[in-house]
There are 2 protein chains.
Amino acid sequence: MKKLKAKFKLWLSTRDIEGVFGDGKWRLLKAIESTGSLTQASESLRISYRKAWGDLKKAQEALNESLVEKHRGGTRGGQSALTKQGKKWLKAYTGFHSDIEKAVEKAYEKHIRKIAE
Amino acid sequence: MKKLKAKFKLWLSTRDIEGVFGDGKWRLLKAIESTGSLTQASESLRISYRKAWGDLKKAQEALNESLVEKHRGGTRGGQSALTKQGKKWLKAYTGFHSDIEKAVEKAYEKHIRKIAE
DNA sequence: TATGGATATGCACAACTCGACATATCGATA
DNA sequence: TATCGATATGTCGAGTTGTGCATATCCATA
């Protein structure tokens with residue numbers, strides 16, 4: 001038996017929309033915050049700008065909140081920054097994700113490790 | 001803001017094979033145990049027999065263990081039952097999954113609920 | 001020994017996702 | 001006011017995944 005590793009994926013859904021926010025969108029917000037633009041954020045995550053832009057749009061529509069303030073124009077072309085709500089979501093989801101990460105590690109040790117190695 | 005629900009997905013991977021065991025295969029084992037056949041199990045899960053059979057094969061190959069004992073023939077056509085290892089995995093993963101389910105619920109309450117409603 | 005329902009497996013097709021392109025637009029600053 | 005880099009958005013093609021269908025095989029029991 002090869003060594004196993006537990007992985008997980010988290011997301012939030014409403015009754016009719018699956019995945020209004022989740023790991024991917026969370027990483028996107030983080031990257032936007034640290035890079036200051038959607039373009040650079042998508043590059044740092046190695047996803048297409050097209051997808052990053054679409055994901056962000058979906059999240060904002062589904063949550064009905066503006067997460068990122070985007071500006072076009074200027075010599076620098078434009079930039080993006082998190083709104084107050086964007087920061088709020090980033091912070092909350094970071095805690096959420098981190099708690100589950102720890103829980104997965106612990107549960108793996110408790111239930112799986114002994115039968116997997 | 002619509003009411004949100006936290007969802008998650010768990011799985012186990014080796015260094016080179018992603019998803020050697022996970023939620024889907026776990027549900028499959030459960031269904032095989034309760035129905036006694038792969039055909040009925042796939043029907044109860046509403047997935048094609050083709051997929052159920054393939055998933056099971058993949059899991060067994062990746063774990064290098066036999067999880068289900070399958071028999072062909074007879075008036076009843078055949079049947080499937082979990083092996084000792086299959087039961088072991090079912091039990092272990094059930095505990096694993098259940099712990100994470102609780103953790104997700106708790107972490108949602110702690111981090112997300114207050115900003116989502 | 002004929003039967004019937006289950007296992008076993010290949011293959012073509014549909015659905016979905018994502019990436020790659022192609023454009024259009026914007027507007028602060030040099 | 002010309003520029004330049006970023007946002008905004010549609011579209012087509014490739015890869016992935018699961019379904020549907022077809023077929024072959026198996027064998028305990030009636």
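The residue Thr39(A) sits close to a base: some heavy atom pair falls under 4.0 Å.
OP1 or OP2 of dC18(C) lies within a sub-4.0 Å distance of a side-chain N or O belonging to Lys51(A). Within the 4.0 Å cut-off from OP1 or OP2 of dA6(D), not a single side-chain nitrogen or oxygen of Lys70(A) is found. Regarding contacts with the backbone of dA6(D), every side-chain N or O of Ser80(A) stays at 4.0 angstrom or more from both OP1 and OP2.
Relative to the ring axis of Trp26(B), Lys30(B) places its NZ or CZ within 45° and under 6.0 Å from the centre.
At whole-Å resolution of the value, CD1 in Ile32(A) and P in dA6(D) are 14 Å apart. Note: CD (Gln79(B)) to P (dG4(C)) measures 18 Å, nearest angstrom. The nearest whole Å value for the distance from the CG atom in Leu67(B) to the P atom in dT7(C) is 15 Å. Atom NZ in Lys58(A) sits roughly 7 Å away from atom P in dT17(C) (whole-Å rounding). Note: CG (Asp55(A)) to P (dT17(C)) measures 11 Å, nearest angstrom. Remark: P of dG18(D) and CG of Leu28(B) are 13 Å apart, rounded to the nearest angstrom. A straight line from OH of Tyr49(B) to P of dT23(D) spans 18 Å, rounded to a whole angstrom. Rounded to whole Å, atom P of dT9(C) lies 5 Å from atom NZ of Lys57(B).
Residues Tyr93(A) and Asp23(A) are in side-chain contact: their nearest non-hydrogen atoms beyond the backbone lie under 4.5 Å apart.
Residues passing the ring-ring contact (aromatic ring centres under 6.0 Å, His included) test with His71(B): none are found, sequence neighbours excluded.
The residue among Trp53(B) and Gln40(B) whose nearest nucleotide of DNA chain C lies closer to the 5′ end is Gln40(B).
Heavy atoms only, all atoms of each residue included: Ala52(B) and Leu28(B) are closest at O-CD2, 3.4 Å.
Between the Thr83(A) side chain and the Ser66(A) main chain, a donor and an acceptor come within less than 3.5 Å of each other.
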Item to check | Worked verdict on Glu18(B) versus Lys7(A) for salt bridge (Lys or Arg N to Asp or Glu O under 4.0 Å) | outcome: CA-CA 9 Å; Glu18(B) 192 68 15; Lys7(A) 303 199 175 177; 3.3 Å; yes
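When each of dT7(D), dG19(C), dT19(D) is scored by its nearest atom to the side-chain atoms of Ser37(A), the top-ranked nucleotide is dT7(D).
Of the residues listed (Phe21(B), Trp11(B), Phe8(B), Trp89(B)), the one engaging His97(B) in a ring pair (Phe, Tyr, Trp, His ring centres under 6.0 Å) is Phe8(B), and it is the only one.
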Checklist outcome for this item: Letter by letter from the 5' end, nucleotides 22-28 of chain C scores (B base, S sugar-phosphate only, - none; protein heavy atoms under 4.0 Å) ---BBBB
